[in-house]
Enquirer: 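Pasting in a structure now, in structure tokens, and then I'll have a few things to ask.
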Amino acid sequence: MGLITMLSIRNLLRQKKRNILLGIGIAFGMMILVIANSFSHGMVDVLINDVVSHAFGHLVVNGKPANSYYSTIRDKERIMKIIHESIPKEEIVTIEESLGMFGRAIGNGEADNVVVVGVKPETDNDQADFFEEFFTLVEGDFSNYFSKEIEYPVIISEEKAKSLKVKINDTIRVRLPMITGQMQAVKLTVIAIANANNSFMNIILFMEADRVKKLLGYKPWESADLQITLKDPKKTAKKYAEILHSKLNPEVISISGQVAEEPAFLLAFQNNSAAKNVLKKNLKLTQGDLEKGLAKKGVMVSNILAQKLGLQPGSKFIYQYETKFRGLREEKLTVDAIYQSHSALGQNVVLVNEEVIHENLNRYLPKTLDSTLVASSNSLHSILATEWKLLERSDNVDALKKKYKTEKKRKSKQNNFDLITMYEGASQILQMEYVLNMITGIAVLVLFFIILVGVINTLRMTIKERTREIGTVRAIGMQKKDVRNMFIIETLILTALSCIAGVVLGMGVIKGLSLIEFNTTNFLSVILKNKHLYFKPSIMILSSYFLFIMMLTGIITYFPARKAAKLTAVEALRHYE
Amino acid sequence: MNVIEITGVKKNYPLGTTTVHALRGVDLQVAKGSFLSIIGPSGSGKTTLLNIIGCIDSPSAGSAKIQGHEITALNDRQITDLRLHKIGFIFQTFNLIPVLNVRENVEFPLLLMRKYSKKEIDTRVEKLIKGVGLSEYIAHKPAELSGGQRQRVAIARALVTNPDIVLADEPTANLDSETSEAILQLMRDLNETEKTTFIFSTHDPEVLKYAKNIVKIKDGLIVGQE
Ligand SMILES: Nc1ncnc2c1ncn2[C@@H]1O[C@H](COP(=O)(O)OP(=O)(O)OP(=O)(O)O)[C@@H](O)[C@H]1O
Ligand SMILES: [Mg+2]
């Protein structure tokens, strides 16, 4: 050990009382910092991995008509395939349908608002975990959740059970809107009264996902929002959103089918003036009215097909195509105009405005969309309508709201697809992270002031007391910088030891606090995980705080220490107090 | 050969609106191996002169050469180095480092030099501590020693680097007369054996009988030399 360090340590031990007091101050500050940081870190963890992932999902694929409330993804299998192509399997924790709706419930003479949510743990193992992790059972039996005898079994929170005055096996009547827009009334049977470990969820009636899905009117191949829970959402949510977004590009609507046994293609053009102008330039009409053909309900047929089938403007015909889930579809159409067959589009072609076909297309999905029919290099490719509209990604909640506002004004039956991450969709919840980081920030500030005031004061006293000693060692031949370093090392050692003590102390307090069980169901339980405070110390962050504090101490000490070292030997020796 | 050559040295201290002339033009040559006593009444400038010789203070005018080095031309780092290697200090108030024991106090200047091995240091330190008669107290802290013992430690520390000059400003002023005599005898013996130059100040005529040479100073001027 060097002479300077040895002197520093000896001097440190000399003024025990004062240094211990300062040490306790720093240790205390560090302890608070450790607790605050671990708490906020733990909270963020709970928020993102429990609250956000369950209530919202880290990444959500949303598919719905522009002006509908309910999300309907018409072909779940296809979208799931795209998801799996975009995100590696090991990064996905779960993909769940977001099945939930508000409704008015009537229990035993009392009414209240509820949210009915469908949850289906996949495997037997998951089931046990799910019930155990998620709920605290008050009364009843979770196994009836899957009972075939009961039509609609639900789990209800203690709070809701009380407000609806229901007990186990009682029924609750709920009026719910379906995806079709109709209202329906159902009778739910209470099979368990249990509190979700997060009080956010206490207005929810939990029911098996498949039953909720059916109740809402979804077809088996359809899906509600797909909520993806990611393994490392903070790192990957935005990245996979971009990738997934790029793969969700829709195909152009070109369906192969037939009209009266004659093979024919149905093409849809975009319902906007740009597309219509291109058509006006390129199409030569042989019969009928072009304006009518281009209108919202417009149907046009090529002269070749018209000739073969003997179609005139005003004739009704049936376009048949094979659907993916529902057999043969017969689309009844009326001819508005007949155009001179165009080489870019093919011969046997029915050309319709997209609004003619969207609604039914969504319900009767074609088996295949033959996108090769009109090559993308083709001059008329750009006017073709797509099966859905993929909305631009929004960076934040405001952009998201603005986007939806514009979409609401779009009078179209076309489906929208949107990709939302928790940063836009659950930004309010995530904002708590800032609040929590602020708590830590305040703890850092407190510590900063303890060090600033404590170190500077202690150092000033120490230097004053030891001025004659400084004079002695300077006279004997110690260099200025060694004198300076002696004081700096002295405070650094004290700070380092105090910080370590603070970390140990903080860990102890954390251990103690996490042992306490809180049996509260009020709002505060949001911050609890399984009835306990949850801390997650981050070694990375704590060690960077440690380095920061050491640096800070070094800087704070440097100036008074340098001032002390600058004293000339005579001045210092003559010092008298 | 002169280890110290001082010519026309003046030292002024500004004091409020006036100036105190602590030294008014001092010329002094000290030969190697001297045992010189500077004597004069209180306030005559003894300490000021010793400080300049010891390179811990600089003259307001004049020239001071220590071992041929003009100290007014050196920077702080060089002067500090010069003090470490060429000069030993003995203080009236002993000025030991309280957190170090006798051995550590004595080896302190050698450690600052950063050029001797542990073995060399140990041999030198133990020899000197034995020389000042404190072998039994080698592990004691200054607080556990008497005044006389402390000053012996200080003497050992001043001599440990084998300096050319040892300066002592009233080394016996805080000691009783018996102890004072023992300390002076020790310094005198070391002067004989090690051939170290000693310069010490005093206003006690009793002390003078140990001196080989005497410089009398009054009101910042040398008034006699014998
Ligand atoms: N830092 C200072 N500021 C102002 N005046 C000073 C300072 N140091 C010394 N003096 C003055 O210089 C003169 C010489 O002082 P010095 O300490 O050299 O005397 P001395 O001979 O050592 O006295 P003593 O025997 O009392 O120790 C005195 O008049 C003193 O007041
Ligand atoms: Mg004096």
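Residue numbering restarts at 1 for every chain, and letters A, B, ... go by the order of the sequence lines.
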Enquirer: Counting only heavy atoms not in A:Met438, do more than 12 sit closer than 6.0 Å to its CE atom?
Expert: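 Open: at most 12 neighbouring heavy atoms sit under 6.0 Å from CE of A:Met438.
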
Enquirer: On a heavy-atom basis, which atom in B:His140 and which in B:Leu145 lie closest, and how many Å separate them?
Expert: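 Residues B:His140 and B:Leu145, closest heavy atoms: CB-CD2, 3.9 Å.
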
Enquirer: More than 12 non-hydrogen atoms from neighbouring residues, nucleotides or ligands closer than 6.0 Å to CE on A:Met551, yes or no?
Expert: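 No, CE of A:Met551 has 12 or fewer neighbouring heavy atoms, counting only those of other groups under 6.0 Å.
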
Enquirer: Mind checking the CG-CD1 spacing from B:Leu50 to B:Ile165? Nearest 0.5 Å is all I need.
Expert: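 If I round to the nearest 0.5 Å, the distance is 11.0 Å.
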
Enquirer: So with a 6.0 Å cut-off around CD1 of A:Ile539, is the heavy-atom count from everything else above 12?
Expert: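 Counting other residues, nucleotides and ligands, CD1 of A:Ile539 stays at 12 neighbours or fewer.
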
Enquirer: Mind checking the CD1-CD1 spacing from B:Ile155 to B:Ile129? Nearest 0.5 Å is all I need.
Expert: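 Here the rounded value is 13.0 Å.
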
Enquirer: Please tabulate, one pair per line, the donor and acceptor atoms of chain A and chain B that lie under 3.5 Å from each other, or say none if there are none.
Expert:
from, atom 1, to, atom 2, distance (Å)
B:Asp76, OD1, A:Arg474, NH2, 3.0
B:Asp76, OD2, A:Arg474, NH2, 3.0
B:Arg77, O, A:Gln479, NE2, 3.1
B:Thr80, OG1, A:Arg474, NH1, 3.3
B:Arg83, NE, A:Arg474, O, 3.2
B:Arg83, NE, A:Ala475, O, 3.2
B:Arg83, NH2, A:Arg474, O, 2.8
B:Thr93, OG1, A:Arg468, NH2, 3.0
B:Asn95, ND2, A:Thr472, OG1, 3.2
B:Val99, O, A:Arg10, NH1, 2.9
B:Glu104, OE1, A:Arg10, NH1, 2.8
B:Glu104, OE2, A:Arg10, NH1, 3.4
B:Glu104, OE2, A:Arg10, NH2, 2.7

Enquirer: At what distance, to the nearest 0.5 angstrom, does CZ of A:Phe448 lie from CD1 of A:Ile442?
Expert: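 Going from CZ on A:Phe448 over to CD1 on A:Ile442, the span is 15.0 Å.
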
Enquirer: In this structure, are over 12 heavy atoms from other groups packed under 6.0 Å from B:Tyr137 atom OH?
Expert: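 No.
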
Enquirer: Which bit of A:Ile4 comes within less than 4.5 Å of chain B, counting heavy atoms only: side chain, backbone, both or neither?
Expert: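 For A:Ile4, the contact with chain B is made by the side chain alone.
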
Enquirer: Which atoms of B:Leu100 are under 4.5 Å from chain A, going by heavy atoms: the side chain, the backbone, both sets, or neither?
Expert: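 Contact with chain A is through both the backbone and side chain of B:Leu100.
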
Enquirer: Please check if atom NZ in B:Lys32 has more than 12 non-hydrogen atoms from other residues, nucleotides or ligands closer than 6.0 Å.
Expert: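 Atom NZ in B:Lys32 is packed in, count exceeds 12.
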
Enquirer: Tell me the residues of residues 26-33 of chain A whose non-hydrogen atoms fall below 4.5 Å from those of chain B, in number order.
Expert: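 Residues of residues 26-33 of chain A touching chain B at under 4.5 Å: none.
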
Enquirer: Do you know the tightest heavy-atom contact between A:Ala36 and A:Ile439?
Expert: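 For A:Ala36 versus A:Ile439, the nearest heavy atoms are CB-CG2, 4.1 Å.
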
Enquirer: Just so I know, are the side chains of A:Phe487 and A:Ile470 near enough to count as touching, which here means a heavy-atom distance under 4.5 Å?
Expert: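 The answer is yes; the side chains approach within 4.5 Å.
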
Enquirer: If we define contacts as heavy-atom pairs under 4.5 Å, which of B:Pro109, B:Gly88, B:Cys55, B:Pro98 has the most with chain A?
Expert: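 With the most close heavy-atom pairs to chain A, the winner is B:Pro98.
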
